[in-house]
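From a predicted model like this one, the values you see are computed outputs, not experimental measurements.
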Amino acid sequence: MATGGTARLLLSNGGEAALELTVEPWAETHQIPPKRTWVAVTHSPAADGSWSGTLRGDEPFQVEHRPGSLTAWVNGNCFHLSDVEGTTIDSADWDCPAQGSAS
């Protein structure tokens with residue numbers, strides 16, 4: 001999943017209603033529309049491209065699913081959200097590489 005310190009994660013909502021997505025540790029909340037897939041991209045803060053991990057070491061993401069919601073723990077120093085066509089949903093205000101790397 002990680003290439004050169006960049007990791008991507010597809011987040012899909014196959015349901016009939018919007019799915020709440022919370023991106024931690026920033027507590028950013030979004031609604032994934034029904035039948036849509038979004039892409040979360042993060043970049044490793046470590047010079048060697050490694051990840052701090054959440055439950056296991058060297059993991060860029062951890063996802064928790066509950067009825068009606070997802071929480072994605074992002075272990076990079078920033079994140080971008082886009083749809084699979086590359087349309088920006090949330091552009092980072094941090095010192096992140098260009099959003100174009102999310103597609």
Side-chain angles (χ1 to χ4, degrees):
M1 177 187 299
T3 306
T6 298
R8 291 166 181 76
L9 176 68
L10 296 177
L11 300 162
S12 296
N13 178 3
E16 300 296 324
L19 181 66
E20 182 178 270
L21 168 64
T22 303
V23 182
E24 294 288 5
W26 294 275
E28 294 265 343
T29 303
H30 302 274
Q31 298 289 320
I32 302 175
K35 309 296 183 201
R36 298 294 304 269
T37 298
W38 286 2
V39 181
V41 178
T42 190
H43 306 278
S44 174
D48 65 358
S50 64
W51 306 96
S52 61
T54 303
L55 292 179
R56 294 176 27 169
D58 206 31
E59 296 289 335
F61 297 101
Q62 177 179 325
V63 177
E64 297 173 14
H65 178 262
R66 291 168 308 286
S69 69
L70 289 173
T71 299
W73 286 88
V74 178
N75 293 315
N77 60 343
C78 60
F79 73 95
H80 307 283
L81 289 176
S82 68
D83 62 18
V84 293
E85 292 81 27
T87 303
T88 300
I89 293 160
D90 186 1
S91 63
D93 292 330
W94 310 279
D95 293 326
C96 264
Q99 173 64 18
S101 64
S103 58

Straight-line distance of [X] [atom1] to [Y] [atom2], nearest 0.5 Å:
X     : Y     : atom1 : atom2 : answer
Leu19 : Ser12 : CG    : OG    : 10.0 Å
Arg8  : Phe61 : CZ    : CZ    : 9.5 Å
Thr88 : Asp83 : OG1   : CG    : 8.5 Å
Leu10 : Thr37 : CG    : OG1   : 6.5 Å
Thr71 : Glu20 : OG1   : CD    : 7.5 Å
Glu64 : Thr22 : CD    : OG1   : 10.0 Å

Looking at [X] and [Y], would you say the former's side chain and the latter's main chain have a donor-acceptor pair under 3.5 Å?
X     : Y     : value
Asn75 : Glu59 : yes
Ser44 : Ser50 : yes
Thr6  : His43 : no
Asn13 : Lys35 : no

Quiz item: Do Trp73 and Leu81 sit in the same hydrophobic cluster, where Ile, Leu, Val, Met, Phe, Trp and Tyr count as joined when their side-chain heavy atoms come under 4.5 Å apart?
Solution: no
Quiz item: If every non-hydrogen atom of Ala7 is compared with every non-hydrogen atom of Trp51, which pair is closest and at what distance?
Solution: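 Here Ala7 and Trp51 meet closest at CB-CZ2, 3.7 Å.
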Quiz prompt | Shortest non-hydrogen contact from Leu11 toward Leu70 | solution = CD2-CD1, 4.2 Å
Exercise. Determine, stepwise, if the pair Val84 / Trp38 fulfils side-chain contact (heavy atoms from CB on, under 4.5 Å).
Key: CA-CA 6 Å; Val84 293; Trp38 286 2; over 6 Å; no
Quiz item: Using the ring of each side chain (for Trp, its six-membered ring), is Trp26 parallel, tilted or perpendicular to Phe79, with breaks at 30° and 60°?
Solution: tilted
Practice problem: Just do the side-chain contact (heavy atoms from CB on, under 4.5 Å) check on Val39 and His80 with the steps written out, would you? | Solution: CA-CA 8 Å; Val39 181; His80 307 283; over 6 Å; no
